[in-house]
There are 2 protein chains.
Amino acid sequence: MTTTRPRLSEVAALAGVSEKTVSNVINNYPHVTPRTREKVERALSQLKYRVNLSARSLASGRTGFIALAVPGLSNPYFATLAGHVIQAAAAQQWTVLIEQTDGDRNPESEVVGGSTSYLVDGIVLHPESLTSADLAARADSTPLVLLGEKPLNHVADRVVADNVAAAADLARHLLDGGRNRIATIGLDPHSELMASGLRSEGVRTALAEAGRQLDPDLSIGVGSYQRADGAAAMARLLALPEPPDAVICFNDVLAMGALSQLNRSRIAVPEQIAIAGFDDIEEAPFAAPSLTTIKWDTKRIAEEAVRLLAERHGSSEALPQREIVVGYELVVRESTAPVR
Amino acid sequence: MTTTRPRLSEVAALAGVSEKTVSNVINNYPHVTPRTREKVERALSQLKYRVNLSARSLASGRTGFIALAVPGLSNPYFATLAGHVIQAAAAQQWTVLIEQTDGDRNPESEVVGGSTSYLVDGIVLHPESLTSADLAARADSTPLVLLGEKPLNHVADRVVADNVAAAADLARHLLDGGRNRIATIGLDPHSELMASGLRSEGVRTALAEAGRQLDPDLSIGVGSYQRADGAAAMARLLALPEPPDAVICFNDVLAMGALSQLNRSRIAVPEQIAIAGFDDIEEAPFAAPSLTTIKWDTKRIAEEAVRLLAERHGSSEALPQREIVVGYELVVRESTAPVR
DNA sequence: GGAAACCTTTCTAGCGCTGTAAATCCGCTA
DNA sequence: TAGCGGATTTACAGCGCTAGAAAGGTTTCC
């Protein structure tokens, strides 16, 4: 157990001022004379005083925390995103609580409605299973920012990217490179509105523009976004009588799994089959061959999310629902070099 | 700003009991009659009551948080570790605050001595730069568990693995496979005691057993544990008049970087050069070729760390410094197949 | 039938800090 | 020198909850 730490009253006594003055010094209240400030600071450091954040939060109503809920940190994309959110939050004096939802509905709704929400000034959620209806029914008024997906309109502030357009760009790039049979590997969409659904739609759009359509046999659904799922899905594609000549995986982790399966099966990438993903995770440029992917501006996503939270937290008026659209970039690497 | 949430007093009024009785129900105090409990629970759910954790923590002295400080989440090893710690902590009703230190001394000492420490019931730190002396001088009495490294004796509880033995095993495996010129790529050791130093020592030990020694030219120091560092270091090794036939990277991220450089340079792995790492990150088995590495029992590390914290938090007596040694496993994969 | 013994519930203080409003101080002006 | 106005500082009341002890109820036993 922790021994007694110095309290404000002790610092005040030592410095010969009131508690409130000490508090003013700590909180950089402007109207404190240099002399007083110095006295207080001396006492502060002499006693090694540390503010008790629970007490501060109780008294001030500001908790100093925000929650970040993502499917899981083992996906490098979310790990990186979390890192950026932690940094952006630090600039606002916020500490980040990370919740892992596994993309399941229960933990997701617990985050937006459970008692975590009492503890935080705001919530950043990357939803995977929650629906618009769930969110609309939310009673809690803690500021909420939704991440990553286009949908879930008008239930909360959002920072989104255009998944449909990005996926279409990717498919067009493949078509331009001379690919004819394009396959996709992605989560069985819980809902049309989630990433998989949107990316799938983008691919279909691009194919339609080219006067083709997505062969249902070439559209593989997986249970989760793990490497092993990507590898297994790829194996299924290879077992087809007429395998694809390009595969779009709906995230890089799946793509890395698929790529490993291709290497294992001695299929030449990109000569025989091209492969691409989404997210531009750290390992993408280091893969063999390096992976073509869609790069989101993750840092900006994190910053905007925190900014939206801060704005809503700072003003008591009801702000309108806002949507920030962040850009993306098609990063072309070796894995999708054109067929000769 | 958040609108008013129901308070204990309102629940109490609705249920027709005292605040303390409501509190007793919430905290599962045993002596509450089923009838009273039911009345209270009805009121609780009717009002959608959520406890205010700041107030609880102020009143009870238990914060409900622990801090986990690691260099950074972008290293998949730490991301995975963080995931496990979050899970283990949840079992103790603890929420985890993640701090990213970048392995720098300032953030590390801020974690163990700064005001975060006022806010948490315990700290799990994976130190990179902090020395025994720093830790010994620590005034703060918040329970602290050190992770990962052997050293830093007698300043805090530790969960460690035998880095020297693991590295020696790896080197022996390479020697057994017929490798003659073993190189290492690792952080310029801040101190002999950190992972790089210990792993390096293990390699030297195994070489000495075999009557050889580490060629200084084959020991490359890097500035950080990133993929690009591994690739650059590998490039330097390849530029040598007499390149190595095996490379031990002091973590998997470096190894993946080195591997990509090898692939780029069309060097056959493992035929021309074998490569190995530490940590068994998720992508290791999916690399081409799959990566031989040392696998720590990360889940157990997380669990033991949380357990140590819980024990120290739960008892007011001064427990002795404890050290938990977790095992490791040499996972042999394709990247170190023996030379023919 | 009455009192001891035990189970339940209520009462009363804070936990350590901040916000508000009021008190005090100080330098100037008239 | 008194009077003013703004700059500083202080007093004090909680924030919402839990701990400990007192009070109130009920059962049991002689």
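Naming: A, B, ... by sequence-line order, numbering from 1 per chain.
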Legend entry - Minimum-distance pair of heavy atoms, taken over all atoms of A:A310 and A:Q92: CB-OE1, 3.8 Å
Legend entry - Intermediate values then yes/no, side chain to side chain donor-acceptor pair (under 3.5 Å), A:T36 and A:T33: CA-CA 5 Å; A:T36 311; A:T33 54; 2.6 Å; yes
Inset, instruction - Return the nearest nucleotide to the side chain of A:A55; candidates are C:dG16, D:dT10, D:dT18. - result: C:dG16
Inset, instruction - Quick one: list whatever passes salt bridge (Lys or Arg N to Asp or Glu O under 4.0 Å) with B:E41, sequence neighbours left out. - result: none
Inset, instruction - Could you state the atom-to-atom distance from CD of B:E19 to P of C:dG14 in whole Å? - result: 16 Å
Could you tabulate the donor-acceptor pairs under 3.5 Å formed by side-chain atoms of residues 16-26 of chain A, not counting sequence neighbours?
from: A:S18; atom 1: OG; to: A:K20; atom 2: N; distance (Å): 3.4
from: A:S18; atom 1: OG; to: A:T21; atom 2: N; distance (Å): 3.2
from: A:S18; atom 1: OG; to: A:T21; atom 2: OG1; distance (Å): 3.1
from: A:S23; atom 1: OG; to: A:N27; atom 2: ND2; distance (Å): 3.3
from: A:N24; atom 1: ND2; to: A:K20; atom 2: O; distance (Å): 3.4

Legend entry - A:L8 side-chain proximity, nearest of C:dT9, D:dT10, C:dT18: C:dT18
Legend entry - Atom pair distance, as rounded to whole Å: CZ in B:R37 and C1' in C:dT8: 12 Å
Inset, instruction - Compare side-chain N and O positions of B:N27 against OP1 and OP2 of D:dT18 and report whether any pair is under 4.0 Å apart. - result: yes
Inset, instruction - To the nearest Å, give me how far apart CG (B:L53) and P (D:dC15) are. - result: 18 Å
Legend entry - Under 3.5 Å side-chain donor-acceptor pair for B:D134 and B:S109: no
Inset, instruction - Provide, to the nearest angstrom, the distance between the CG atom belonging to B:N52 and the P atom belonging to C:dC15. - result: 18 Å
Legend entry - Nearest-Å distance for atom pair CZ/P, residues A:R35 and D:dT9: 10 Å
Legend entry - Residue A:V32, side-chain heavy atoms: nucleotide from D:dT9, C:dG16, C:dT9 that is nearest: D:dT9
Inset, instruction - Would you please confirm or rule out a distance under 4.0 Å between OP1 or OP2 of C:dT9 and any side-chain N or O of B:T33? - result: yes
Legend entry - Sugar-phosphate only, base, or nothing, as touched by A:T36 at under 4.0 Å among non-hydrogen atoms: sugar-phosphate
Inset, instruction - Would you check, one step at a time, whether the test salt bridge (Lys or Arg N to Asp or Glu O under 4.0 Å) holds for B:E311 with B:R322? - result: CA-CA 11 Å; B:E311 283 178 16; B:R322 288 155 307 164; 2.4 Å; yes
Inset, instruction - With the side chain of B:S60 defined as its heavy atoms from C-beta on, choose the nearest nucleotide among C:dT18, D:dA19, D:dG16. - result: D:dA19
Inset, instruction - Calculate the interatomic distance between A:Y29 atom OH and D:dT8 atom P; express it in whole Å. - result: 9 Å
Legend entry - Proximity to the side chain of B:Y49 - top-ranked nucleotide from D:dT10, D:dG16, C:dT9: D:dG16
Legend entry - Atom-to-atom span, CZ of A:R50 to P of C:dG16 - whole angstrom: 17 Å
Inset, instruction - Answer yes or no: does a side-chain N or O of B:S54 lie under 4.0 Å from OP1 or OP2 of D:dC15? - result: no
Legend entry - Rounded interatomic separation in angstrom, taking NE2 from A:H31 and P from D:dT10: 16 Å
Inset, instruction - State whether the distance check finds a donor on one side and an acceptor on the other, under 3.5 Å, for side chain B:K20 versus base D:dA19. - result: yes
Inset, instruction - Could you tell me whether the phosphate oxygens of C:dC11, OP1 or OP2, come under 4.0 Å of any side-chain nitrogen or oxygen in B:S18? - result: no
Legend entry - B:L58, nearest nucleotide to its side chain (from C:dT9, D:dA7, D:dG16): D:dG16
Inset, instruction - Side chain of A:T21 only, please: which of D:dT18, C:dT9, D:dT9 is the nearest? - result: D:dT9
